[in-house]
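Worksheet: the structure to be examined is printed underneath.
Per chain, numbering begins at 1; letters A, B, ... match sequence-line order.
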There are 2 protein chains.
Amino acid sequence: MATGREIAQLCGVSVATVSRVFNQPETVNEETRSRVLRVAKELDYRPNESARALSTKQSTMIGLVWDTDHRRPGWRHPYLQDLLIGLKSALSAHGYHLLMLATSGDAREVGASLADPVGYVNMTRRHHLGGLVLIDSGSDAEAFEAFAQSGVPCVALDVAVDGPRATYVTSDNFGGARDAVRHLVGLGHTRIATITGPPGNQPSDARVSGYRAALREAGLESRDEYVVSGDFYRASGTAATQRLLALESPPTAVFAASDEMAVGALLAARAAGLRVPRDLALVGFDDIEIASVVEPALTTVAQDKPGFGVAAAKAIMAMITGGECEGPLVLPARLVVRESCGAVGDG
Amino acid sequence: MATGREIAQLCGVSVATVSRVFNQPETVNEETRSRVLRVAKELDYRPNESARALSTKQSTMIGLVWDTDHRRPGWRHPYLQDLLIGLKSALSAHGYHLLMLATSGDAREVGASLADPVGYVNMTRRHHLGGLVLIDSGSDAEAFEAFAQSGVPCVALDVAVDGPRATYVTSDNFGGARDAVRHLVGLGHTRIATITGPPGNQPSDARVSGYRAALREAGLESRDEYVVSGDFYRASGTAATQRLLALESPPTAVFAASDEMAVGALLAARAAGLRVPRDLALVGFDDIEIASVVEPALTTVAQDKPGFGVAAAKAIMAMITGGECEGPLVLPARLVVRESCGAVGDG
DNA sequence: AGGGTCTATGTAACCGCTTACGGTGGGATC
DNA sequence: GATCCCACCGTAAGCGGTTACATAGACCCT
């Protein structure tokens, strides 16, 4: 690889000038600049990122904190791939790259884990990362708080954080859930239950609030027995539905806080001999791929999946360049009506 | 952040000694070493990766080449998430991180794209990456070849590459397909068709070979009209199936080279008033999440998804440390029998 | 003509770590 | 007791950039 020094020699200028050509082009004479650029192109010069980072104490990398170790096996993030696509393309536009931080330690003690956010933060400093993207991995709000407080620009997904240079992006969980339940209400249901995510999980809590709000609006009482908690996984949706169906006055419609749980509910209904949507209407949340494929296709609340990545990237870049961080970013959540709610084709 | 110099001063040693403590511990006196380590711990010292990389011309990062830009919208890699989990955990064990390289250019010409592998390769040198992981993104075999030839250790997924320090990891597509079709043969089918991936796609080609081999074994003739090509997407599965059903002597069983296409086939069958598996048996490939959820659940060939990541990481690390690169790694592909082939519970 | 300004460039220190090379002291060897 | 070896450690030269500061010339003004 050609170095700046070589270019300098070939052009008869100093390395400082070469550096300036790339960093403050306006300060160098038109003719000199083009000469340097030409030679640089000929030599296929690429500035050494390590040297640059060492010198400026700033790299062109953003860290991705995604803890996979403590997950339940079988768990899949509902929209990781789209998120990455969005993140990557938005960061690319600024010349930034995404660094997936290693989580477990090794002999050299590179390690970091959510249990030890300090480790991550130090990784961040080690690599002079420009910022951090935190992917919600359950109920790690406390751990995330440590990141947010560290002063490193960071944006969390699906969990509210507070810190000097921290924001978060999340869907309009409240609104999405409210719309879903409104739709059910509009279809004539009065006994509407909900299956929630794990207690304390923020998106889940917001969805429950939306559910409650829609009931209130409609003048329907909200019964505690109709709010049963799951954990976002499919099996919990099945179990929750079984409990609901065993009630003295079982619901005629269920709003599940995740598509996985909605599928679980579907299985439970099927097992109980109920037909969906005729005997039990179902609405999910997330709009994962499965949603459109199950029989009947799942009515659900879709999130702007790549939008998460794009929004996160924008927020990070804003903090890096501007310094000020924006307030929480909430993305629209849109009800997509399919078959499981009994209103095919309706909006 | 504490630097090596600070530690050196506090310990009354030179920076060289501090460096040695971390890189060649055996060359430094027991007592000195523990003193340095203690102070390092107190100061929460973390070596500066940029400086280290600059000095050694080797970073602890592996590049991930995953071109999302030229993809059809809506396309999702069948097992990206598992792949990443596997990759990440295996790399972490060696203290390595995964860098998702930006693909599109910006003002600073950081850019790189599969169309310009040289760009990526330069990114690689810029960051002193230890190696590259190439994710198959269609039929980019030619582009990948350029990476493989660049001399950077690289391992490709699902596409054979050849180069001084390159290997690839793939499933036993041939064996998996053969098992699938054998199973169909064992069920009594004699008119078995296949829906392939895009022509030239290596996993697809191997699956077709497996299909042919199983027919040959069974003494069944392989008719050209029974081999219709798709593109891995769902819609192509539907279209292909329609063509197959319109044949004079339509098949009674279809082996699709991807689950997405199998689902497409399912839809086509349903639309044609056929019941699966009674009127048409179906087997897919990949075992994506959808497979177990559709009605009827899809019999398919499962790949060892996290295994891809782990194998890729191992191969890379072997090349980095050992120098020699291993031959192609082929992971087992296992037939999982569900309902769509008509042999529930059977092995 | 002398002084002030502005532009374009060079000089050199520095970022934090690695490593080749050389030096020191103590024990073993003859 | 001179020699040699070895374990341990320091000195200093990089790695390839960035940037504060200095310099030099051109131009304008009084």
Side-chain angles (χ1 to χ4, degrees), chain A residues 1-37 39-40 43-61 95 108-110 122-129, chain B residues 1-37 39-40 43-61 95 108-110 122-129:
Chain A
M1 288 294 281
T3 71
R5 184 189 316 282
E6 299 179 39
I7 296 186
Q9 284 171 342
L10 284 182
C11 291
V13 299
S14 73
V15 291
T17 299
V18 173
S19 176
R20 276 189 283 257
V21 165
F22 294 101
N23 298 304
Q24 307 136 35
E26 65 283 358
T27 70
V28 24
N29 177 280
E30 161 65 31
E31 197 239 312
T32 315
R33 194 196 322 159
S34 65
R35 188 151 38 100
V36 168
L37 285 176
V39 174
L43 268 54
D44 196 26
Y45 168 71
R46 305 279 167 156
N48 180 312
E49 292 295 337
S50 303
R52 189 202 285 264
L54 175 59
S55 179
T56 62
K57 300 171 182 306
Q58 255 281 18
S59 79
T60 55
M61 302 186 293
R108 296 270 277 292
E109 304 220 331
V110 223
N122 281 324
M123 296 286 317
T124 304
R125 297 213 190 290
R126 264 167 91 130
H127 288 278
H128 295 303
L129 299 185
Chain B
M1 287 293 282
T3 70
R5 186 191 313 282
E6 299 179 42
I7 296 186
Q9 285 170 341
L10 284 183
C11 291
V13 298
S14 73
V15 290
T17 300
V18 173
S19 176
R20 275 189 284 256
V21 166
F22 294 102
N23 297 304
Q24 307 135 36
E26 65 283 359
T27 71
V28 24
N29 178 279
E30 162 65 34
E31 197 238 311
T32 314
R33 194 194 324 159
S34 67
R35 189 150 38 100
V36 168
L37 285 175
V39 173
L43 267 54
D44 197 24
Y45 168 71
R46 305 278 167 154
N48 180 311
E49 292 295 336
S50 304
R52 188 202 286 263
L54 175 59
S55 182
T56 61
K57 302 170 180 305
Q58 255 283 16
S59 79
T60 55
M61 302 187 292
R108 296 270 277 292
E109 304 220 331
V110 223
N122 281 324
M123 296 286 317
T124 303
R125 298 214 188 290
R126 265 166 91 130
H127 287 279
H128 295 304
L129 299 186

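Annotation: salt bridge (Lys or Arg N to Asp or Glu O under 4.0 Å) contacts of B:Arg20 (sequence neighbours excluded): none.
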- Item | side-chain contact (heavy atoms from CB on, under 4.5 Å) between B:Leu10 and B:Leu43, intermediate numbers included | CA-CA 10 Å; B:Leu10 284 183; B:Leu43 267 54; 3.9 Å; yes
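A:Ser55 places no side-chain N or O within donor-acceptor distance of the main-chain N or O of A:Arg52, the cut-off being under 3.5 Å. At distances below 3.5 Å, at least one donor-acceptor pair connects side-chain atoms of B:Ser59 with backbone N or O atoms of B:His128.
Rounded to 10 degrees, the angle separating the terminal helix axes of the helix from C:dA1-D:dT30 to C:dC30-D:dG1, each built from five base pairs, is 50°.
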Pick out the pairs of N or O atoms, protein on one side and nucleotides 14-16 of chain C on the other, that lie under 3.5 Å.
| residue | atom | partner | partner atom | Å |
| --- | --- | --- | --- | --- |
| C:dC15 | O3' | A:Lys57 | NZ | 3.1 |
| C:dG16 | OP1 | A:Lys57 | NZ | 3.2 |

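As rounded to whole Å, 9 Å separates atom P of D:dG16 from atom CD of A:Glu6. Rounded to an integer number of Å, the gap from B:Arg125 CZ to D:dC15 P is 18 Å. As rounded to whole Å, 15 Å separates atom C1' of C:dC17 from atom CD of B:Gln58. Look at CG on B:Asn23: it is 12 Å from P on C:dA20, rounded to the nearest Å. Computed from coordinates, the A:Gln24 CD to D:dT19 P distance equals 7 Å when rounded to whole Å. Protein atom CZ of A:Phe22 is 13 Å distant from nucleotide atom C1' of D:dG16, rounded to whole Å. For A:Arg35 and C:dA8, the CZ to P distance is 14 Å, given to the nearest whole Å. Look at CZ on A:Arg20: it is 11 Å from P on D:dT18, rounded to the nearest Å.
Taking each heavy atom of A:Ala51 and A:Asn48 in turn, the nearest pair found is N-OD1, 2.9 Å. For the residue pair A:Gly95 and A:Thr60, the shortest heavy atom distance occurs at O-CB, 3.7 Å.
With rounding to the nearest 0.5 Å, the separation of CE in B:Met61 from NE2 in B:His127 is 6.0 Å. Separating the CZ atom in B:Arg46 from the OG1 atom in A:Thr124 is a distance of 10.5 Å, to the nearest 0.5 Å. Rounded to the nearest 0.5 Å, atoms OG (A:Ser50) and CD (B:Glu49) are 9.5 Å apart.
Distances shown here put a side-chain N or O of B:Thr32 below 4.0 Å from the OP1 or OP2 atom of D:dC9.
Considering only side-chain atoms of B:Val28, the nucleotide from D:dC9, D:dT18, C:dT18 that sits closest is D:dC9.
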With a cut-off of 3.5 Å and sequence neighbours excluded, list every side-chain donor-acceptor pair involving residues 1-8 of chain A.
| residue | atom | partner | partner atom | Å |
| --- | --- | --- | --- | --- |
| A:Thr3 | OG1 | A:Arg5 | N | 3.4 |
| A:Thr3 | OG1 | A:Glu6 | N | 3.4 |
| A:Glu6 | OE2 | A:Thr3 | N | 3.4 |

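Annotation: salt bridge (Lys or Arg N to Asp or Glu O under 4.0 Å) contacts involving residues 21-30 of chain B, sequence neighbours excluded, comprise B:Glu30-B:Arg33.
A heavy atom lying under 4.0 Å from DNA chain D marks the following residues of residues 8-19 of chain A, by number: A:Ala16, A:Ser19.
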